[in-house]
Amino acid sequence: MEPIQWSRWMSVGIDDLDEDHRVIVGIVNKLAEDGSRNNPDVIEAILDELITYTKRHFAAEEAHMERAGYPTFAAHKALHDGLTRQVEAYRERFHAQRDQIPGDEVFGFCSDWLGKHILREDTRFGEYAAGPTAPSTP
């Protein structure tokens, strides 16, 4: 498995959010390591770490969006809530079927989940926040 490579295209242009995204990429990339990918206990621990860190990140990102007056904040927050439920449900499914779900599948799920959100959704907020009429965010 090839780990996810951070690129400037993933950047939202807000340093603390970009750093959070790098940390989340790092957590997901742990699943690409042979020793992790083949150990159900390690996979569960990584999923737990991903859920915990992502919840904290979503709260920070939502605070940025509120301060910036992001016009689609409510929809983005609903997306965060849905993404959280999705990864929590996947973690529960993995827990129940840990010997039947290969680590490659878990990595694929998590990298797809992460990539779609950062590349499709968060970069939109980054464009808004960087726009000429965007309010400043501390």
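FYI, the numbering just counts along the sequence from 1.
Between Phe58 and His80, the ring planes are parallel. Angles under 30° get that label, and only those over 60° would be called perpendicular.
By the side chain to side chain contact (heavy atoms under 4.5 Å, CB included) test, Arg93 is found to be paired with Tyr90, Gln97, Ile101, Glu105, residues two or more places apart in sequence or in another chain being considered. Every side-chain hydrogen bond (donor to acceptor under 3.5 Å, both in side chains) that Glu88 has, sequence neighbours left out, goes to Lys55. Qualifying side chain to side chain contact (heavy atoms under 4.5 Å, CB included) partners for Asp15, counting only residues two or more places apart in sequence or in other chains: none. In this structure, the side chain to side chain contact (heavy atoms under 4.5 Å, CB included) partners of Asn39, at least two apart in sequence or on a different chain, are Asp41, Val42. Partners of Asp48 under the side-chain hydrogen bond (donor to acceptor under 3.5 Å, both in side chains) rule, at least two apart in sequence or in another chain, are Arg91. In this view, Asp112 and Lys116 satisfy the side chain to side chain contact (heavy atoms under 4.5 Å, CB included) rule, not counting sequence neighbours. Taking Asp99 as the reference, nothing meets the salt bridge (Lys or Arg N to Asp or Glu O under 4.0 Å) condition, with sequence neighbours excluded. Every residue two or more places apart in sequence or in another chain that forms a side-chain hydrogen bond (donor to acceptor under 3.5 Å, both in side chains) with Arg56 is listed here: Asp20, Tyr53. A search for side-chain hydrogen bond (donor to acceptor under 3.5 Å, both in side chains) contacts involving Glu66 returns nothing, not counting sequence neighbours. Residues forming a ring-ring contact (aromatic ring centres under 6.0 Å, His included) with His57 (at least two apart in sequence, or on another chain): His21. Applying the salt bridge (Lys or Arg N to Asp or Glu O under 4.0 Å) criterion to Glu92, with sequence neighbours excluded, gives no partner residue.
Within the model, atoms CG of Leu114 and CG of Leu50 stand 8.0 Å from one another, a figure rounded to the nearest 0.5 Å. For the atom pair CZ (Phe94) and CG (Leu47), the distance works out to 7.0 Å, reported to the nearest 0.5 Å. Here the NE2-CZ distance, from His64 to Phe73, works out to 12.5 Å after rounding to the nearest 0.5 Å. Phe107 CZ to Glu33 CD: the interatomic distance, rounded to the nearest 0.5 Å, is 10.0 Å.
Aromatic rings from Tyr128 and His76 are positioned such that their centres are separated by 6.0 Å or more.
In this structure, Cys110 and Ile27 have side chains that are not in contact, with every pair of non-hydrogen atoms separated by 4.5 Å or more.
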(message) Go through it in stages, so that I can follow the logic: the residues are Leu17 and Asp122, the test is side-chain contact (heavy atoms from CB on, under 4.5 Å), and I'd like the CA-CA distance, side-chain angles, deciding distance and then a yes or no.
(response) CA-CA 9 Å; Leu17 298 182; Asp122 288 355; over 6 Å; no
(request) Let me see the working for Phe109 and Val87 under side-chain contact (heavy atoms from CB on, under 4.5 Å), right down to the final yes or no. (result) CA-CA 9 Å; Phe109 169 82; Val87 76; 4.0 Å; yes
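The minimum heavy-atom distance linking Pro40 with Arg98 is given by the pair CB-NH2, 3.1 Å.
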In a table with atom names and distances, give each donor-acceptor pair under 3.5 Å that connects a side chain of residues 1-12 to protein atoms at least two apart or in another chain.
residue: Ser7; atom: OG; partner: Trp9; partner atom: N; Å: 3.3
residue: Ser11; atom: OG; partner: Gly13; partner atom: N; Å: 3.0
residue: Ser11; atom: OG; partner: Asp18; partner atom: OD2; Å: 2.6

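Using a 4.0 Å cut-off between charged nitrogen and carboxylate oxygen, Glu121 and Arg124 count as a salt-bridge pair.
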